[in-house]
Amino acid sequence: MSRKSSFGYSSYGTHSYKSGGYRNRRKNKKKKIIIIAVAVLLVLIAAAVCIYFIFFNGKSSETEESSAPQVSQVSEVSQPSQTPQESSKDESSEIADVSENPNIKGYYDGNVFVYDKKGYEMFYGTESMAKQYAAVVSSIKNSLGNNVNVYNMVVPTHSAYGIPKSYRDTASDQKENIETIYSSYSADVKPINLWDTMNAHKNEYVYFKTDHNWTALGAYYGYDEFCKTAGIKPVDIKTLSSGSIKNFEGALTAATKTDENPQGNKDLISNPDTVTYYNMPGDYTCTLLERGTTEEKNVPVLATFAEGSNAYSVFIWGDNPYMKITTGQKTGKKLCIIKDSYGCAFAPFTCTNYDEIYVVDPRYYDKNIINFIKKNGYTDVLVINSVMTANTDIRIKELKSIIG
């Protein structure tokens, strides 16, 4: 069964995820644990039976009394199965859990997890990968020195909030992984912690249903947190005019398409998204180098003509080597954004806060970004990636390739 390539940046683009490597390795490990647990249980049951016949079959009442503690020890074997249930109640207080509806069953379609007609990326990152990512972000700060502020935003994905805990527990802990990144810097990197923010707004339309990205509203909440950390005033989203593109079927739908099922997952198809975008006020000029081209062109920040499966490209024309936005703000500050696809919906909001914004995608950028930042007097750098992207070898290699 050959799966068609998905739209946009995602761990779907890595070999390990396409082959289901993370999930399959986790399943094999789980099977081994289950087999060992069953074997131990059988041994305990056999021991209990032997104890019963030895101490209760023709023995004195004194011996029967001495066997009582043995029986109680066997009954304690069942206790650990209750402990996770009890502890999970405490853990779930951190996230208002999604209700377990017995009539809704989650399932995998290829590597896409589908629950309640929404698609999810399940997270299988590791502590080791988190620390490697923190190290490469730290190297950016070390290379730029004290005159440039370096911020790092790792965005939780929809699966952290949108599915019941029983399903989340089959994957890695996103919160723990992000905390590992934020506590492992070797330089003065400023973290933008979105965990509580996204949890507080999780019942709003902050993530797409058929795509791995966040919506413009979700990106705005991330932008608001960035402004708080950077000490700047965010634009009020209520003052912005907006537009929308309907019937968006994103990367998660595309990832379920096969030669046998070219339309993709029927539950996702029946629940398409709407891409809402916000128009930024003020005068600005925008220069874009599109992927696959060698000449820059002047464009608006938003590609409002985008449609269909490419509707997310409305935000800064999608994933390209770079976009340079020059505004009339006169703040004396310049921002360089080093991003994955989550940065596309984020970047337009910063037009009201900086004189210049330079948006770079390390997959396609072939220059030394450190030299560019120093030469052009950028004051701030934001590295923004989803937690899925941050936990891939390929993103770490891409970042290293542009910082020299």
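Just so you know, residue 1 is the first one in the sequence shown, and it goes up from there.
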Nearest non-hydrogen partners of Ser138 and Ser186, listed with the distance = OG-N, 3.0 Å
query = Would Met122 and Tyr124 satisfy side chain to side chain contact (heavy atoms under 4.5 Å, CB included), going step by step from the backbone distance to the final call?
reply = CA-CA 7 Å; Met122 298 300 278; Tyr124 297 107; 3.8 Å; yes
request  = Apply salt bridge (Lys or Arg N to Asp or Glu O under 4.0 Å) to Arg291 and Asp361, showing your working.
outcome  = CA-CA 10 Å; Arg291 193 183 347 164; Asp361 193 315; over 6 Å; no
message = Distance alone, cut at 3.5 Å: any donor-acceptor contact between the side chains of Tyr284 and Gln329?
response = no
Side chain Asn310, main chain Ser313, donor-acceptor under 3.5 Å = no
message = Any non-hydrogen side-chain atom of Arg395 less than 4.5 Å from a side-chain atom of Pro362?
response = yes
task = Starting at CG of Asn385, measure out to CE of Met388 and round the result to the nearest 0.5 Å.
result = 12.5 Å
ask   = Where do Tyr277 and Phe315 land on the ring pair (Phe, Tyr, Trp, His ring centres under 6.0 Å) test, with the steps shown first?
value = CA-CA 8 Å; Tyr277 56 86; Phe315 305 112; 7.3 Å; no
message = So Tyr182 and Val137, do their side chains get closer than 4.5 Å, heavy atoms only?
response = no
key: Min side-chain heavy-atom separation Leu252-Glu121 under 4.5 Å   = yes
task = Assess the pair Tyr223 and Tyr220: is the distance between their ring centroids shorter than 6.0 Å?
result = yes
ask   = Within a strict 4.5 Å, meaning less than it, do heavy atoms of the Val314 and Glu307 side chains meet?
value = no
task = Find out whether Ile373 and Asn371 are in side-chain contact, i.e. whether some heavy atom of one side chain is under 4.5 Å from a heavy atom of the other.
result = no
key: Distance-only donor-acceptor check, side chains Asp273 and Tyr205, under 3.5 Å   = yes
Main-chain N/O of His212 paired to Tyr342 side chain as donor or acceptor, under 3.5 Å = yes
key: Derivation and outcome, ring pair (Phe, Tyr, Trp, His ring centres under 6.0 Å), residues Tyr322 and Tyr358   = CA-CA 7 Å; Tyr322 65 83; Tyr358 193 69; 5.3 Å; yes
key: Heavy-atom closest pair, residues Val301 and Cys351   = CG2-SG, 4.5 Å
task = Apply ring pair (Phe, Tyr, Trp, His ring centres under 6.0 Å) to the pair Phe208 and Trp214, showing each step before the final yes or no.
result = CA-CA 6 Å; Phe208 290 112; Trp214 55 4; over 10 Å; no
ask   = Are the aromatic ring centres of Phe372 and Tyr378 under 6.0 angstrom apart?
value = yes
request  = Taking Lys165 for its side chain and Asp169 for its backbone only, find out whether a donor-acceptor pair lies under 3.5 Å.
outcome  = no
query = Side chains of Tyr185 and Asn152: is there a donor and an acceptor less than 3.5 Å apart?
reply = yes
inquiry  = Thr256 vs Gln263, test: side chain to side chain contact (heavy atoms under 4.5 Å, CB included). Steps then yes/no.
reply    = CA-CA 8 Å; Thr256 65; Gln263 300 301 314; over 6 Å; no
message = Between Asn149 and Lys190, is the side chain to side chain contact (heavy atoms under 4.5 Å, CB included) condition met? List the steps.
response = CA-CA 8 Å; Asn149 299 307; Lys190 304 178 188 297; 3.8 Å; yes
inquiry  = To the closest 0.5 Å, what do you measure between CG (Asp355) and OG1 (Thr331)?
reply    = 3.5 Å
query = Which atom pair, heavy atoms only, marks the closest approach of Asp224 to Pro234?
reply = OD1-CG, 3.3 Å
query = Minimum heavy-atom separation for Ala251 to Asp211, with atom names?
reply = N-OD1, 2.7 Å
key: Ser159/Thr157 under side chain to side chain donor-acceptor pair (under 3.5 Å): CA gap, chis, key distance, verdict   = CA-CA 6 Å; Ser159 62; Thr157 66; 3.3 Å; yes
query = Does Ser184 use its side chain to pair, donor to acceptor, with the backbone of Ala135 at less than 3.5 Å?
reply = no
task = Decide, yes or no, whether a salt bridge links Asp173 with Lys175 under the criterion of side-chain N to carboxylate O below 4.0 Å.
result = no
key: Distance-only side-chain donor-acceptor flag, Asp340 / Thr389, under 3.5 Å   = yes
message = Counting only heavy atoms from other residues, nucleotides and ligands, does the tally under 6.0 Å from NZ of Lys117 exceed 12?
response = no
key: Aromatic centroids of Tyr120 and Tyr115 separated by under 6.0 Å   = no
Exercise: identify the closest heavy-atom pair between Glu296 and Thr287 = OE1-CG2, 3.2 Å
ask   = Does Gly125 offer a backbone N or O that forms a donor-acceptor pair with the side chain of Ser172 under 3.5 Å?
value = yes
task = Pick out which of Asn142, Asn147, Asn146, Ile140 makes a side chain to side chain contact (heavy atoms under 4.5 Å, CB included) with Leu144.
result = Ile140
Value rounded to 0.5 Å, distance of CD in Glu179 from CG in Asn177 = 10.0 Å
Donor-acceptor pair between Thr197 and Glu225 side chains, under 3.5 angstrom = yes
query = Is the closest side-chain heavy-atom distance between Pro156 and Leu194 below 4.5 Å?
reply = yes
query = Is the number of heavy atoms from other residues, nucleotides or ligands under 6.0 Å of Asn101 CG greater than 12?
reply = yes
query = Got a donor-acceptor contact below 3.5 angstrom from the Lys228 side chain to the Lys233 backbone?
reply = no
request  = Scan side-chain atoms only and decide if Glu204 and Tyr221 contain a donor-acceptor pair under the 3.5 Å cut-off.
outcome  = yes
query = When rounded to the nearest 0.5 angstrom, what distance separates OG1 in Thr392 from CD in Gln132?
reply = 10.5 Å
query = Is it true that atom CG of Asp236 has more than 12 heavy atoms of other residues, nucleotides or ligands lying nearer than 6.0 Å?
reply = yes
message = As an exercise, state the distance from OG of Ser341 to CD1 of Ile316, rounded to the nearest 0.5 Å.
response = 10.0 Å
request  = Would you mind reporting whether Arg168 and Phe123 have side-chain heavy atoms less than 4.5 Å apart?
outcome  = no
message = For Phe349 together with Phe346, are the ring centres under 6.0 Å from each other?
response = no
Residues Asp380, Lys334; criterion salt bridge (Lys or Arg N to Asp or Glu O under 4.0 Å); working and verdict = CA-CA 6 Å; Asp380 298 87; Lys334 295 183 179 182; over 6 Å; no
key: Spatial distance of atom NZ (Lys397) from atom CG (Leu399) [nearest 0.5 Å]   = 13.0 Å
request  = Answer yes or no: is there a donor N or O on one side and an acceptor on the other, between the side chain of Lys202 and the main chain of His158, under 3.5 Å?
outcome  = no
inquiry  = Centre-to-centre under 6.0 Å for Phe113 and Tyr167, is that the case here?
reply    = yes
task = Could you go through the side chain to side chain contact (heavy atoms under 4.5 Å, CB included) check for Gln174 and Trp195 one step at a time?
result = CA-CA 9 Å; Gln174 292 191 36; Trp195 187 263; 3.8 Å; yes
query = Less than 4.5 Å apart, any side-chain heavy atom of Glu249 and any of Ser309?
reply = no
Minimum-distance pair of heavy atoms, taken over all atoms of Leu240 and Pro281 = CD2-CD, 3.6 Å
